[in-house]
Amino acid sequence: MEVGVKMGMKGGGDEVGGKEKEKMGYEETELRLGLPGDGEVVRKRDFSHTVDLKLNLISTSPTDDKDKNIVPSHLDPAKPPPAKAQVVGWPPVRSFRKNMLATQKSSASEDSGEKAAFVKVSMDGAPYLRKVDLRMYKTYQQLSDALAKMFSSFTIGNCGSQGLLKDFMNESKLMDLLNGSDYVPTYEDKDGDWCLLVMSLGRCLLNHVRGCAS
Amino acid sequence: MNYFPDEVVEHVFDFITSHKDRNSVSLVCKSWYKIERYSRQRVFIGNCYSITPQRLIARFPGLKSLTLKGKPHFADFNLVPHDWGGFVDPWIKALAKSRIGLEELRLKRMVVSDDSLELLSKSFPNFKSLVLVSCDGFTTDGVAAIAANCRFLRELDLQENEVEDHRGHWLSCFPESCTSLVSLNFACLKGEINLASLERLVARSPNLKSLRLNRVVPLDTLQKLLMRAPQLVDLGIGSYVDDPSSEVFSKLKAVIQLCNSIRSLSGFLEVAPCCMSAIYPICENLTFLNLSYAPGLQGNDLTKLVQHCRKLQRLWILDCIGDKGLGVVASTCKELQELRVFPSDPFDAGNAAVTEEGLVLISAGCPKLNSLLYFCHQMTNAALITVAKNCTNFIRFRLCILDPVKADPVTNQPLDEGFGAIVRSNKSLKRLSLSGLLTDQVFLYIGMYAKKLEMLSIAFAGDSNKGMLYVLNGCKKLRKLEIRDCPFGDVALLEDMGKYETMRSLWMSSCEVTLGACKILAKKMSSLNVEIINESEQLEFSLDDRLLVDKMYLYRTLVGHRKDKPEYVLLL
């Protein structure tokens with residue numbers, strides 16, 4: 001059975017005291033569970049497999065669990081697990097407490113008393129929007145790099161993400177690029193107008209867009 | 001059997017206050033049952049579906065104080081759908097119709113509506129105390145009704161409720177004639193309140209001992225409130241942010257020096273660490289410190305604060321205190337009985353964490369430790385064995401390793417031996433929560449040694465039905481068992497069906513129990529309600545007995561099936 005360990009559930013193996021072998025040891029355990037054996041072991045493997053799927057510890061393996069249909073209906077092994085898997089109800093922290101801490105964190109600000117300035121960013125053809133916290137970026141370059149990274153997975157054309165956006169810093173190249181490229185970064189301002197994201201606006205842009213976001 | 005007149009026996013019963021004892025007394029003979037029921041004032045009902053309000057009222061006409069619990073514990077973690085049940089409305093309606101002179105109502109995990117609160121506030125002229133813990137379904141309008149209509153209100157205590165906040169006016173609903181407040185806790189409310197009203201309310205409440213503010217109450221209001229109420233014993237601070245050089249802050253420092261009755265401190269929902277030094281003078285006398293909602297305080301802020309708290313008995317803190325910080329707690333807080341360490345970021349194994357090291361330090365330094373809730377990133381058998389050697393007084397031991405199936409990182413073994421050591425050496429253990437990689441072996445130990453265990457929470461543990469059977473057979477005092485994601489199935493469930501009559505409830509979700517087995521159990525045991533909670537569409541179309549049940553909740557009851565179940569609950 002093909003078992004890959006996805007570290008979606010971070011078990012702290014990296015950070016804690018350099019205990020690399022914890023990670024390895026766990027993988028070892030995973031393989032052991034996959035060995036064929038008598039009914040009891042197979043059963044255990046199936047259940048553990050289900051548990052591990054739930055905990056996002058192994059990648060999808062549609063070939064398993066064909067005989068014993070014990071995978072609960074709400075689990076879909078065919079779906080790729082999200083980057084940070086969260087099991088329902090785990091860890092066992094009261095939802096009130098979770099929500100409270102989340103609220104406190106989002107409204108706490110490191111520099112000033114400002115609240116987080118989330119802005120929706122969309123790219124034509126991308127299946128979904130992304131959110132960007134403008135407070136996190138001090139310069140245009142950081143913002144454009146971050147946007148490029150966010151959408152790089154969706155560009156199929158010839159825009160090397162970072163190269164393309166760097167060129168926007170040169171305004172004379174700008175017009176050539178606008179005519180030639182597949183994607184340009186734009187934003188919609190508070191009047192509902194679509195605007196091109198360019199360096200020259202710099203700080204003004206950030207303040208302006210913050211105004212849109214609030 | 002009676003050598004004394006009833007009045008004398010009743011007088012003797014006045015000295016018997018614990019629910020358990022009074023329940024025992026009522027079973028001695030018919031005469032004692034009668035005397036006891038007429039003199040009983042306080043009743044505790046651990047599962048609101050185990051009895052009806054009508055029967056409660058019929059048996060205890062002198063009822064003054066009622067405590068009710070609704071949803072099962074796992075509802076705290078979103079495992080129970082929102083409208084499953086636990087409605088307080090029928091209770092309040094029934095009590096309002098009766099002649100019961102209710103004075104106190106304490107609810108936990110129940111659904112409360114504004115209408116219920118209003119009816120409550122208008123039906124009982126002597127109503128004194130309302131305590132709501134982890135409830136939902138109401139807004140600040142309901143709270144306003146309580147404030148406005150309960151003329152002799154002493155206690156309004158809202159703990160961790162989800163309340164829809166309609167902004168502010170509820171506090172102004174306390175009439176000018178209300179001067180009886182002893183305890184006011186609104187820390188869980190999110191909205192604005194009228195600060196001037198709050199100041200006036202505190203000023204006219206000379207008996208106020210406990211005040212817990214929400215995060216919109218700023219520091220300068222806190223200073224004014226403390227001026228009015230230096231007699232406070234329990235303080236919950238809302239917002240604690242200011243410039244340390246400001247005049248307001250100096251005034252606060254001065255007034256805090258006068259508050260030498262404060263024994264319990266909590267809140268700091270918004271906090272500027274540089275202001276914490278003003279708190280140090282009251283730290284000397286603190287017995288309870290709750291900083292679990294203060295993510296604004298970093299490890300060293302916490303450590304500096306704790307160093308002043310030599311008399312601390314209970315500490316609730318976030319894991320950003322770190323192992324080193326726990327070391328400081330261990331060397332400072334020699335009176336510590338209860339420690340709760342919560343995760344500051346439940347989903348990220350960042351560097352803000354505690355490990356087994358912190359726990360070992362605490363166990364070595366705090367000999368009186370009897371209650372623990374500890375969220376950590378890892379645990380070892382060696383550490384647990386050491387803890388078991390150091391601490392033999394645990395009543396509550398709840399360990400949550402954030403990765404639920406994590407083995408001992410040093411030996412790669414399951415944590416069976418560690419937990420086994422804990423139950424072996426802590427003979428008074430009443431509550432236990434397990435986590436980490438665990439096999440059937442740990443349950444063998446629990447069944448063998450945890451003879452006083454009343455509540456057990458299990459997740460992602462065990463290998464086979466044997467695990468659950470060890471527990472059911474060995475833990476004679478078990479009252480509540482909750483299990484999720486364990487390979488326990490029909491064989492374990494059905495082995496000793498009579499056992500469940502001795503327990504309050506059993507929860508099993510994502511285990512290997514089939515619908516057929518649940519049906520057998522329900523058919524055999526008429527004293528149990530067996531509920532199947534099914535949120536997927538499967539059960540609607542197929543009542544195949546071989547189907548695995550996603551969530552099962554069973555509980556003993558005297559009154560059969562409940563009438564208020566939602567559609568997705570199948571009552572067998």
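Since this is a predicted model, take the numbers as computed values, not measurements. Throughout, protein chains are lettered first and strands after them, A, B, ... in sequence-line order, and every chain is numbered starting at 1.
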Note, [X] side chain near [Y] side chain (heavy atom, < 4.5 Å):
X        : Y        : answer
A:Val87  : B:Arg484 : yes
A:Pro92  : B:Phe74  : no
B:Phe77  : A:Ser95  : no
B:Ser134 : A:Phe96  : no
A:Thr103 : B:Arg215 : yes

Would you mind checking which part of [X] comes under 4.5 Å of any heavy atom in chain A, side chain (CB onward), backbone (N, CA, C, O), both or neither?
X        : result
B:Asp136 : neither
B:Arg546 : neither
B:Ser435 : side chain

Find the distance between [atom1] ([X]) and [atom2] ([Y]) and round it off to the nearest 0.5 Å.
X        : Y        : atom1 : atom2 : value
A:Gln104 : B:Ser344 : CD    : OG    : 11.5 Å
B:Ser292 : A:Leu101 : OG    : CG    : 8.0 Å
A:Asn99  : B:Lys190 : CG    : NZ    : 7.0 Å
A:Lys98  : B:Asn78  : NZ    : CG    : 6.5 Å
B:Glu162 : A:Arg94  : CD    : CZ    : 11.0 Å

#### Entry: Whether over 12 other heavy atoms sit under 6.0 Å from B:Lys466 NZ
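No, because the 6.0 Å sphere around NZ of B:Lys466 holds 12 heavy atoms or fewer from other groups.
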#### Entry: Which of B:Val241, B:Ile401, B:Leu269 touches chain A most, by non-hydrogen pairs under 4.5 Å
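Result: the option with the highest number of such pairs is B:Leu269.
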### Message
Treating A:Trp90 as the side-chain partner and B:Ala459 as the backbone partner, does any N or O pair qualify as donor plus acceptor under 3.5 Å?
### Response
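Here the side-chain-to-backbone pair does not exist.
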